Structures are given as structure tokens and as C-alpha cells.
Amino acid sequence: MPSSDSGTVHIIGAGLAGLAAAVRLTEAGRAVAVHEATAHPGGRCRSYFDHVTDMVIDNGTHLLLSGNHAALDYLRTIGARDLLEGPEAAEFQFVDLASSARWTVRLNNGPVPWWIFAKGRRVPQTRARDYLPLMRLMWASGDRPLNELMACDGALYQRLIEPLFLAALNVRPVVGSGALARALVRETLALGGKACRPLIAPDGIGTAFVEPATRWLAARNVPVKLHHSLHALRFAGARVSHLDFGDDLMPLGDNDKVILAVPSYAAAMLVPGLQTPTAYCSIVNAHFRIDPPPGQPRMIGVVNGTAEWIFALPGRVAVTVSDAGRLLDLPRTEVAQRIWRDVAAVMSLPADVLPPWQIVRERRATFAATPEENAKRPGAETGWHNLVLAGDWTATGLPATIEGAIRSGNRAAGLVQRHPLARPAAA
Ligand SMILES: Cc1cc2nc3c(=O)[nH]c(=O)nc-3n(C[C@H](O)[C@H](O)[C@H](O)COP(=O)(O)OP(=O)(O)OC[C@H]3O[C@@H](n4cnc5c(N)ncnc54)[C@H](O)[C@@H]3O)c2cc1C
């Protein structure tokens, strides 16, 4: 571990925000220790062996876009950029289960969106002028529900905007934050196809985002202490004085810092008076152990089904359903059957023969990306000189995504370096 003369940065939480902060600070030569409550790093972005299907599955298939520059930089640093895969061009395939219609949206690479003028590239049954509200959205100010900023109906909405925004916001787009939708458009669609290539980790998100990071940190003698849950922060004046891990009360030196990179509900319990988002949306993932039939697209968006995105992966098919509250209280077998029916229809497989399956329900997958909840997101700095916040729920300007989590970790690392010496504690 590098010299700790300038203090150690204790990072609480080994999700992607915490891991990104650890990588940044280690690169900058700072002494770092990561403390994770559970038995595994990765938080809400993890892979694990599932005994029912007898295969390694992700808690959810994570989709990135090629414009997610912080996430891609992080992967480059830890040597894992090649583990993400995607098409050469920004293409999105869709199927409508009500009509069996299939179409592919093909964005051109540059920022001038001539794809909306090309019938074979844009959404069927739309005209170029239907896309104007998306451009107007970019210039709207303030934060209001999306349905106050644009009409949330019609072919373009149902066949492109709703599936994309629902996946990114994890809330019904009609009630979703216009400001977060705007950020998405600015960072991806508005930059053209080169920022919109869909990328996934076919061999698992743990293999791409987590294990290379912990290996990279271990090679630099940065400990990631598992089963090391922070029970409380102890304060003295304007600084954190101790980290209370239950049976281990760790005093902090004058130059030590803390990056709290835990989920919002955990942060709210640890930091007095902290306002955070309090409403959450779930994500349900279904995993089926089956070799996808040859010729299936790597991913396909589903309209008018229970399934929303179907991923054809090596030896398995994975399905994502966002803002999935309606599925949480149904029996798991019924959820699996409903989703499998959609997969079978899309892939021309028998609907009544379910392969080995697993359903993963993440109840608090992300904060609800509505204007009300978005307004509750705190910045990274706190009232304590040596305490900084990170996490996808902090005010990143982005929805709760890998990109937002990693940017928040980078921002926290930057703040810690900007104030290398702790200010003296208040009397
Ligand atoms: C099913 C699902 C699908 C998703 N799909 C996508 C997608 O397609 N694309 C995308 O970009 N994003 C997606 N996301 C969102 C993405 O996973 C998150 O935004 C990101 O992983 C959040 O990282 P984080 O570090 O902010 O928080 P977390 O991952 O929640 O990490 C926080 C860590 O802190 C630890 N912790 C909590 N309390 C303590 C304590 N007291 N002491 C020590 N440690 C503690 C936790 O165990 C955890 O490891 C998805 C999320 C889910 C759940």
C-alpha cells in the first residue's frame, strides 16, 4: 500500500462507486482501504453461482451505451474493456408481441441525426417531425414529469422512447424525471450513434466490472475487507473521529478521510440529517439455462409483453423487466412462465417447456427516478470535513446507473484529493 503520510482514505461500500473511488485514489498514489458489509464486492452489480440453474448468473443483465465514458475509462484502467461486447453500429432490434412486427432502429454515427430522415433506419410508422419533441426536451429547463414535457403516446414513444427511457430510468417514463431523461438524450442520442452502441458483458458483470477491479487493487496491496460492515460514524466537531465496525472501533488520524459509498437507505442511517431519495423501483430478471437458437440477436426490445429486453447469451437467455412492482407479489413460477412465453414467442421455441430457470427480484434496484426523488439527491460534500458521499443516488445529474455510480466515485476521489489535509476539528 502507498505511504499513508497523507492519511488513509477509508471507502465504505465496495459497489461500483466505492470500487471506482478506490481505483482512482490508488492510481493517484493515495493509501486506501475498502470496507464491505457483505461477503462479496459489487453491490447491485454482481454475478454469482446459482444452484437451481447450475450456472453463474448476474443479478441483472447490465446494459451500457458507448457514450458511458466514465464506465469505459474505469474498465480500461482495470484492464477489462475487452469484456464488454456490442455491435459495430448503434442498432436496436425490437419486436411487438401484439402484432408480431419486428423492426431495427439504426442510428448513424455522427451528431447530425439523418437516420430520422431514412425510412429504413427510423421507427416504422413515424415521420421525421415526430422526433422534434426529443430535441425540444434537450432544451427544457427545470425538472417536471416527462409527460409534461412531451406527448407520451404514438408510435415513436411506444416503439423507441418508452423502452429506452424505461430501461435507463427504471420508472415508467410518463412519471419519470424530465431532467434525467434530458441528461440521457444529451449524453447519448444527441451525440449520435457513436455514443449509443449498446454494450453488455456476455460473460457476466462480475467478470467485467468487479473481479478485475478487486484483482487490480489486490495487486497494489489495497485491501477490500469483506464482512466488515460499518455500524456507525462517530463525530467530533466538524469531522468524523471514528469508524465503528461493531467489535472494532477504528480511530481516524487527522489526515484520514472517509468516502461513504453505501446505498441511500444505509447512508441515511449513518449520517445525521442527510436527505436522500426514499422511494425505490424494482427490477426483475429471469434467467433460463438454454442455448439460444442460432441467429438470435444478442439483445432485443419487446413491446407489449411482460419481458422488456431479452438477451441471448452463451448457454443462457436472460430477460430484464424494469419498474417491475407488478411482478413482485406474483408466485415466482408464474413470473417465470409469463416471461418464458414471451421468450418462446420471440425465439420460436415451445412455450410450454420451461428450461431450468431462476427469477431474481431486486426490490430496491434504484431510487425512483421521478422529479420529487431526483430533488432529494444530495451532493458529495457533507458538513463534515473528512466525509464525502458517493453512490448512484447522489446528485450526479444521471439516473441510477453504472455510469452515474462510477462518476460519483470519481468525483468523491477528486474531492478527497482536492483537500489533502484535514482541517482541524472544531472545538
Ligand atoms: C437488477 C439491476 C439491473 C440494473 N441494470 C442496469 C443497467 O442495465 N445499466 C446500468 O447502467 N445500471 C443498471 N443498474 C444499476 C447499477 O447496478 C447501479 O447503479 C450501481 O451498481 C450502483 O452502484 P453503487 O456503488 O452506487 O451502489 P451499490 O451497488 O448498492 O453498492 C453499495 C455497497 O455498499 C455496501 N454496504 C451497504 N451498507 C454498508 C455498511 N454499513 N458498511 C459497509 N458496506 C456497506 C453494500 O453491500 C454494497 O456492496 C441495475 C441495477 C440492478 C439492481
Side-chain angles (χ1 to χ4, degrees), residues 40 42 44-64 82-87 91-104 163 166-167 198-211 282-324 326-328 330-362 365:
H40 49 78
R44 279 169 284 151
C45 179
R46 64 182 190 284
S47 307
Y48 56 94
F49 183 75
D50 173 56
H51 289 277
V52 178
T53 52
D54 197 23
M55 60 185 186
V56 174
I57 60 174
D58 294 340
N59 67 321
T61 309
H62 280 58
L63 174 67
L64 278 86
D82 292 348
L83 298 173
L84 286 196
E85 192 190 285
E91 293 188 352
F92 295 87
Q93 300 198 29
F94 290 95
V95 54
D96 183 342
L97 289 183
S99 64
S100 300
R102 287 180 183 245
W103 64 97
T104 303
L166 176 58
L199 301 171
I200 60 169
D203 297 325
I205 47 179
T207 312
F209 285 95
V210 184
E211 286 143 32
S282 59
I283 298 180
V284 168
N285 266 260
H287 302 269
F288 301 99
R289 200 186 73 211
I290 184 172
D291 286 322
Q296 295 300 320
R298 187 60 111 187
M299 61 178 263
I300 185 163
V302 180
V303 175
N304 287 319
T306 301
E308 289 167 359
W309 291 94
I310 299 178
F311 298 89
L313 300 163
R316 61 202 166 103
V317 170
V319 179
T320 300
V321 184
S322 297
D323 193 0
R326 66 199 177 283
L327 300 183
L328 292 186
L330 293 178
R332 292 158 48 77
T333 311
E334 190 179 332
V335 176
Q337 282 167 341
R338 275 197 199 185
I339 294 178
W340 177 252
R341 269 200 298 274
D342 290 354
V343 174
V346 171
M347 296 192 175
S348 304
L349 291 167
D352 48 351
V353 190
L354 244 79
W357 57 269
Q358 183 56 279
I359 297 292
V360 184
R361 308 193 236 214
E362 290 270 9

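The structure presented is a predicted model; accordingly, all values stated were derived computationally and were not measured. All values below come from the heavy atoms of this structure, side chains included, with hydrogens, waters and symmetry mates left out.
No side-chain heavy atom of His40 sits less than 4.5 Å from a side-chain heavy atom of Val210. Counting only heavy atoms from C-beta outward, the side chains of Met55 and Gln358 never approach each other to under 4.5 Å. Proximity of Phe311 to Pro202: side-chain heavy atoms (C-beta onward) are nowhere separated by under 4.5 Å. A 4.5 Å side-chain heavy-atom check between Leu313 and Ile200 finds at least one atom pair inside the cut-off. Within the 4.5 Å cutoff, no side-chain heavy atoms of Thr306 are placed close to those of Arg341. With contacts defined as side-chain heavy-atom distances shorter than 4.5 Å, the pair Pro163/Trp309 qualifies. Here the side chains of Asp203 and Pro314 are in contact, with some heavy-atom distance below 4.5 Å. In this structure, the side chains of Asp291 and Gln296 stay at 4.5 Å or more apart for every pair of heavy atoms.
For Glu91, the salt bridge (charged side-chain N to carboxylate O under 4.0 Å, His left out) partners are Arg106, not counting sequence neighbours.
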Take Leu84 and Phe209 through the test side chain to side chain contact (heavy atoms under 4.5 Å, CB included) and record every step on the way to the result. CA-CA 10 Å; Leu84 286 196; Phe209 285 95; 4.0 Å; yes

Would Val346 and Leu97 satisfy side chain to side chain contact (heavy atoms under 4.5 Å, CB included), going step by step from the backbone distance to the final call? CA-CA 8 Å; Val346 171; Leu97 289 183; 3.9 Å; yes

Evaluate the side chain to side chain contact (heavy atoms under 4.5 Å, CB included) criterion for residues Thr333 and Trp357: first the C-alpha distance (whole Å), next the side-chain angles of each, then the deciding distance (0.1 Å), finally the verdict. CA-CA 9 Å; Thr333 311; Trp357 57 269; 4.0 Å; yes

Given Met299 and Thr61, is the side chain to side chain contact (heavy atoms under 4.5 Å, CB included) satisfied, shown in steps? CA-CA 11 Å; Met299 61 178 263; Thr61 309; over 6 Å; no

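Ala351 and Ala344 get closest at one heavy-atom pair: CA-CB, 3.7 Å. The two atoms that bring Phe288 and Ala336 nearest to each other are CZ-O, 3.8 Å, heavy atoms only. Residues Asp342 and Ala307 come closest through the heavy atom pair OD2-N, 2.9 Å. In terms of heavy atoms, Trp103 sits closest to Val95 at CZ3-C, 4.1 Å. Here the closest heavy-atom approach between residue Ala98 and residue Asn304 is recorded as CB-ND2, 3.6 Å. Here the closest non-hydrogen pair linking Pro87 and Pro198 is CD-O, 3.4 Å.
Judged purely by atom type and a 3.5 angstrom limit, Asp58 uses its side chain to pair as donor or acceptor with the backbone of Ile205. Not one N or O on the side chain of Asn285 forms a donor-acceptor pair closer than 3.5 Å with the backbone of Val360. Side-chain N or O atoms of Glu308 include one that pairs as donor or acceptor with a backbone N or O of Ser322 at under 3.5 Å. Between the side chain of His51 and the backbone N or O of Phe49 there is no donor-acceptor pair closer than 3.5 Å.
Taken to the nearest 0.5 Å, the CG atom of Leu354 stands 12.5 Å off from the CZ atom of Arg289. Between the CG atom in Leu327 and the CD1 atom in Ile359 there is a gap of 8.5 Å [rounded to 0.5 Å]. With rounding to the nearest 0.5 angstrom, the OG atom of Ser47 is 9.0 Å from the CD1 atom of Ile57. Between the NE2 atom of His287 and the CZ atom of Arg316 there is a distance of 7.5 Å, given to the nearest 0.5 Å. Here the OG1-CD distance, from Thr104 to Gln93, works out to 4.0 Å after rounding to the nearest 0.5 Å. With values rounded to the nearest 0.5 angstrom, Arg44 atom CZ is found 9.0 Å from Ile283 atom CD1.
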